[in-house]
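The basis for the numbers below is simple: all heavy atoms, side chains too, and nothing from hydrogens, waters or symmetry mates. The shown structure was predicted, so the numbers you read here are calculated from the model rather than taken from an experiment. In listed order, ligands and their atoms are each counted from 1.
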Amino acid sequence: MNYFKRSVLTLSLLAAGAVYAAEPVGVSIDTAKPGPVINKDIYGQFAEHLGTGIYGGLWVGPNSKIPNTKGWRNDVVGALKAMHVPLVRWPGGCFADEYHWKDGIGARDKRPVKVNTNWGGVEESNAVGTHEFFDLVEMLGADAYVNGNLGTGSAQEMSEWIEYMTSDSKSTLANLRRKNGRDKPFKVAYFAIGNEAWGCGGNMSPDHYADLYRNVETFLRAPAQYRPKMIASGGNDNDISWSDVLSKRLKRQTDGISFHYYTIPTGKWEVKGAATGFAEKEWISTLANTLRMEQHMQRNAAAMDKHDPEKKLGLFVDEWGTWYDVEKGTNAGFLFQQNTLRDALVAALNFNIFHAHADRVRMTNIAQMVNVLQAMIITDKDKMLLTPTYHAFEMYVPFQNATFLPVTLSNNRQYALDGASIPEISATAARATDGKVYLALVNTNPREAADVALALPGQQVQGVRGRVLTAAAMDAHNTFAAPQAVKPAPFSAKAVDGKLSVQIPAKSVVVVAVE
Ligand code: AHR
């Protein structure tokens, strides 16, 4: 029943002297049927040489007045550490297919200056290269996901980069790495061969890409203990032909296939919709478009199941998130957008979907970490703020490496507006590495709270304790003048007579431990 119909019903019942009480949404967590482990890398990040995503937002250089460690901003690195970033993808994106790694090693003042042809045509100083990137991930305690250049690179260039990063020998390239300040090999967790080969990565067909991949991967040799997981660059949106062809043709040479899907409020790239000041129509369309990720996961997983029923290959959603019209007055090539409560719900809905597909989806990267698209952090010179999306990630930390638990929802209503209709409550649960059961709930309805009755069959529930993220406005966001406008608040409830009822506020994300 939609909001309007329910309100009419409430009014009619009240007029008739009846007491109206909507039946609660039943949430039942089956702890007896644990599913797969939710790989921590599902909470991965993406940092591309794009706009101020790296330069200014993260990297200021060792001589900057902005406090930094080895050139990386202390404030931003500290905040990212606090949200337990498990993995960072670098250097692109489209940028990766024009990046030549040898431009980014050695003395920084001798590195060639290039043009960032993908993103605003600005100068690329190459100040951030391989060693700087590993300084960042090692400070974060995160793993590295390096994206190779297939578009304008070669098998030789990629194989030399792998040798430079991972060889423990006394080869000339390994010694060059030592001369540049790094004795032991770097740990490369994942290495992708190209990016968006169907578009900015070279406008190829899946079969042409598969031929190139097979050839290049043959030469990417690394010592066993340093061998990265190899990633084939896959499809996007409704196109599952890439997952189909690549899982068939590459299954002996790859660890997984990537997939990209962005949430666009209008569903149209030409006029995507604004990050703030939007009407409820774009609230619901944004969340409805986000929920399309579920079909994408189902369809890609089904395509892969045909050729890889043992599920050896991962489906890696290495770009996802909201993509709005750029903020007025900013460089259109920098993809800077504000980030609101709506973005936090988009993130949480995606997490819930990824958890449900954890048997196949083992790594994802939100686009992007700082100042670009659906960012965790926004900076302005020496100032920094945390976005609502940051808080969603940080609230979901207990789900990293937790064991998925099935949740059954009953009596879940639809939230509907203007012909669009989505389930009001989205839920996910898992047993975390601390042994506790965690539950995350999203109320997509921006107007009405939802009553939830929680049960763990066969177990007594004492209560729940955790945090809620919500705000008065759909587009509530943090600014440098009010950086704490949207932040999590404590949330708890106690069982009465063995029954636990919880009210989930309108437009909110709730993450609790079950006690
Ligand atoms: O994340 C921004 C861009 O979106 C990436 O560079 C590209 O891979 C995708 O089209």
Side-chain angles (χ1 to χ4, degrees), residues 44-55 57-58 87-99 114-122 124 128 133 145-153 190-204 206 209 231-239 242 246 256-265 267-270 272 275 289-290 293 296 315-327 330-337 339 343 346-347 350 363-378 387 389:
Q45 297 284 329
F46 176 28
E48 180 167 14
H49 288 236
L50 193 177
T52 55
I54 290 184
Y55 298 114
L58 268 160
L87 177 78
V88 184
R89 177 181 183 226
W90 172 86
C94 296
F95 180 84
D97 277 301
E98 295 186 40
Y99 179 66
K114 295 278 179 82
V115 177
N116 189 333
T117 50
N118 281 287
W119 305 118
V122 295
E124 164 59 53
V128 170
F133 171 63
Y145 170 4
V146 175
N147 207 117
N149 175 353
L150 180 69
T152 63
Y190 301 89
F191 188 88
I193 299 178
N195 166 70
E196 294 194 348
W198 43 266
C200 67
N203 283 310
M204 303 174 205
Y209 172 80
I231 301 181
S233 181
N236 76 328
D237 286 15
N238 293 318
D239 185 359
W242 289 76
L246 302 187
I257 297 163
S258 70
F259 174 77
H260 293 177
Y261 175 62
Y262 284 96
T263 294
I264 299 169
K268 297 190 184 96
W269 282 99
E270 308 74 49
K272 296 181 263 300
N289 287 342
T290 299
M293 184 67 93
H296 293 324
L315 175 60
F316 301 134
V317 188
D318 63 7
E319 288 184 30
W320 65 270
T322 54
W323 194 321
Y324 305 129
D325 296 328
V326 293
E327 299 294 339
T330 65
N331 185 329
F334 282 16
L335 308 186
F336 173 72
Q337 61 189 39
N339 192 295
D343 293 84
V346 167
N350 275 304
M363 184 263 275
T364 88
N365 308 84
I366 189 169
Q368 298 192 3
M369 194 153 69
V370 178
N371 289 338
V372 175
L373 297 176
Q374 191 178 343
M376 313 302 110
I377 290 176
I378 292 178
T387 66
T389 299

Do you know the tightest heavy-atom contact between [X] and [Y]?
X	Y	value
H49	W119	O-CD1, 3.6 Å
A192	N147	CB-OD1, 3.5 Å
W242	G235	CB-N, 3.3 Å

Which of Y99, F95, F46 passes ring pair (Phe, Tyr, Trp, His ring centres under 6.0 Å) with W90? Answer is Y99
Those atoms of ligand 1 less than 4.0 Å from some heavy atom in [X]:
X	result
E196	7 (C), 8 (O), 9 (C), 10 (O)
W323	4 (O)
F46	1 (O)

* Verify side-chain hydrogen bond (donor to acceptor under 3.5 Å, both in side chains) between H260 and D318, making sure each step is shown before the conclusion. => CA-CA 6 Å; H260 293 177; D318 63 7; 2.5 Å; yes
Side-chain touch M369/I377, heavy atoms, less than 4.5 angstrom |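 Of all side-chain heavy-atom pairs linking I377 with M369, none is under 4.5 Å.
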Report task. Could you give me the CA-CA distance, side-chain angles and deciding distance for T389 and D343, then say whether side-chain hydrogen bond (donor to acceptor under 3.5 Å, both in side chains) is met? Result -> CA-CA 6 Å; T389 299; D343 293 84; 4.8 Å; no
Polar proximity ligand 1 side, A367 side, N/O cut 3.5 Å exclusive: no
message: Below the 3.5 angstrom mark, is there an N/O of E48, backbone or side chain, next to an N/O of ligand 1?
response: yes
Check your understanding: How far is atom 1 (O) of ligand 1 from its nearest protein heavy atom, and which residue and atom is that?
Key ->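 For this ligand atom, the closest protein heavy atom is Y262 OH, 2.7 Å.
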Review point. Is it true that F95 lies under 4.0 Å from ligand 1, counting heavy atoms only?
Key: no
Review point. Quick check, are the ring centers of Y190 and F316 under 6.0 angstrom apart?
Key: yes
I need the contact type for [X] against ligand 1. Using non-hydrogen atoms and a strict under-4.0 Å cut-off, is it side chain, backbone, both or neither?
X	answer
W119	side chain
N195	side chain
L373	side chain

Heavy-atom proximity to atom 7 (C) of ligand 1, picking from Q374, Q368, R89, E319, points to E319
